Visitor: 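Before anything else, here's the structure in question.
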2 protein chains.
Amino acid sequence: MNVMNESPRRKELTRQAAQLFVQEGFDRTTVRMLAQEMGIKSGSLFHHFRDKQEILAAVIEEGTQNALVMAREALARCDSSADARLHAMARAHLETLLTDRNAHVVALYEWRRLDSEARAHLSHLRDAYEELWEQVIDEALAEGLIHGDRFLVSRFVMGALNWTVRWYDPAGPRTPDDLADELVAMITRRPA
Amino acid sequence: MNVMNESPRRKELTRQAAQLFVQEGFDRTTVRMLAQEMGIKSGSLFHHFRDKQEILAAVIEEGTQNALVMAREALARCDSSADARLHAMARAHLETLLTDRNAHVVALYEWRRLDSEARAHLSHLRDAYEELWEQVIDEALAEGLIHGDRFLVSRFVMGALNWTVRWYDPAGPRTPDDLADELVAMITRRPA
DNA sequence: CGTTTACACTAGCGCTTGCTTGGTTGACCC
DNA sequence: GGGTCAACCAAGCAAGCGCTAGTGTAAACG
């Protein structure tokens, strides 16, 4: 059994699972459906994953890990002005939400299906990501770019961004960067 | 079979179902669990609802209907300034999200589990509600209270508000009105 | 060469699922 | 006081569920 390992095969299977989880939801996706999508029989699936739960955990871990890396890189790439960093975070957030859409939708919608140990492990990843946000929000508050409670503002911002998976159409006229800019413009107060 | 009818009994059962749907998720909630919560046997459940799907539809319809009524009343109650109406909508939104929490969480999380006909029917209700928001946003834009794209702004605002069900703790120090005021303050631009 | 390892298969166990069927009960109605 | 009807129950069916056991096979390894 390949549990704990990070073989490329397993990664590919995880990617395919993510798509099915988005289409059908975790509970409605049977191991037989997963196996068929992967081109194998249902029994073979348990060579790669201990159980169905572990597939879910793998999907969510992938997505969250990527988001964290992308956000850190984006922050490292831009200058230190609060405005630039705010834009960078918003853009990175929407960028991952789009390119890694399946994994993120699963993370947002099926989090509650994780068993307690998987949840404990993944909570740390998610918290690390959210701390990045609060940090950037803090900087923007310190510069007077925005006002309000750091906790509430960061929650509102992440809510607005995460909600985009419900309505954003990548085929439409707006790019993720458009959305990011518009959101930042909405919450930053420039003299009228 | 009581299909289509709105007996008080059915309403009570719907309320109880909502709670279980929140706790366990729709797919994991079995008809046997629902029946036990309601104090009846699983077979009897199908006297009140055609099938499990219909229970879900009933829960969501209840919640959305209430939200629509509450929002309309709140708007009717306040004066016509864009600022007042914006506050009223935000407060009403969070108020229903809190008092009718179960139904709304179900509506937000389990929408995709609805079959196509139920979804078609309920979409109209939801659209009517969202139109209220866009209307109020339009007024705020016209008064120069906020700036940006009406579509994007209303989506961002609803995202920020709906996301609260994930983190808001009613036992904490903040009231729903606090949240509403903070959000409106965040998006309205007052001269610095 | 023989052994191990990764990956897949077949077959099916034990259990749960949503839902149906046929029947009982007690309150109300003319 | 027979008829009606909403509400409920006991019993169970057919289908589907996650997962396991045991086996086959081809490539990689020492």
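In what follows, every chain begins at residue 1, and chains take the letters A, B, ... in the order their sequences are listed. Atom set for the values below is all heavy atoms of this structure, side chains included, hydrogens, waters and symmetry mates excluded. Here the structure is a predicted model, which is why all the values come from computation and not from measurement.
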Visitor: Residues in side-chain contact (heavy atoms from CB on, under 4.5 Å) with A17(B), at least two apart?
Guide: F21(B), L34(B), M38(B), I55(B), V59(B)
Visitor: Roughly, in whole Å, what's the span from NE2 in H47(B) to P in dA10(D)?
Guide: 16 Å
Visitor: What's the CG-C1' distance between L13(B) and dC8(D), to the nearest Å?
Guide: 12 Å
Visitor: So, using salt bridge (charged side-chain N to carboxylate O under 4.0 Å, His left out) as the criterion, who are the partners of R32(A) when residues are at least two apart?
Guide: none
Visitor: The side chain of T30(A) lies closest to which of these nucleotides: dA8(C), dG18(C), dC17(D)?
Guide: dC17(D)
Visitor: Between C1' on dG18(C) and CE on M33(B), what's the gap in Å once rounded to a whole number?
Guide: 14 Å
Visitor: Output all residues satisfying salt bridge (charged side-chain N to carboxylate O under 4.0 Å, His left out) with D27(A), sequence neighbours left out; order by chain, then residue number.
Guide: R113(A), R28(B)
Visitor: Could you tell me which residues satisfy salt bridge (charged side-chain N to carboxylate O under 4.0 Å, His left out) with R15(A), sequence neighbours excluded, listed by chain and number?
Guide: E12(A)
Visitor: Please state whether the phosphate of dC8(D), meaning OP1 or OP2, lies under 4.0 angstrom from any side-chain nitrogen or oxygen of H48(B).
Guide: yes
Visitor: Rounded to whole angstrom units, what separation is found between the CD atom of E54(B) and the P atom of dG18(C)?
Guide: 15 Å
Visitor: Would you please confirm or rule out a distance under 4.0 Å between OP1 or OP2 of dA7(D) and any side-chain N or O of R10(B)?
Guide: no
Visitor: Find the distance L56(B):CG to dC19(C):C1' and express it as a whole number of Å.
Guide: 17 Å
Visitor: Can you name the residues that form a salt bridge (charged side-chain N to carboxylate O under 4.0 Å, His left out) with E139(B), not counting sequence neighbours?
Guide: R85(B)
Visitor: Whole Å only: how far is the CG atom of L34(B) from the P atom of dG18(C)?
Guide: 8 Å
Visitor: Is there a salt bridge (Lys or Arg N to Asp or Glu O under 4.0 Å) between E62(A) and R10(A)? Walk through the geometry before answering.
Guide: CA-CA 11 Å; E62(A) 255 280 302; R10(A) 184 175 145 126; over 6 Å; no
Visitor: Could you go through nucleotides 19-25 of chain D and list every protein N or O atom that sits under 3.5 Å from one of its N or O atoms, giving the distance for each pair?
Guide:
| unit_1 | atom_1 | unit_2 | atom_2 | d |
| --- | --- | --- | --- | --- |
| dC19(D) | OP2 | K52(A) | N | 2.8 |

Visitor: Starting at CD of E24(A) and ending at P of dG18(D), how long is that distance when rounded to a whole Å?
Guide: 12 Å
Visitor: Rounded to the Å, how far apart are D27(A) CG and dT16(C) P?
Guide: 16 Å
Visitor: Between I137(A) and L86(A), is the side chain to side chain contact (heavy atoms under 4.5 Å, CB included) condition met? List the steps.
Guide: CA-CA 7 Å; I137(A) 295 285; L86(A) 210 53; 4.3 Å; yes
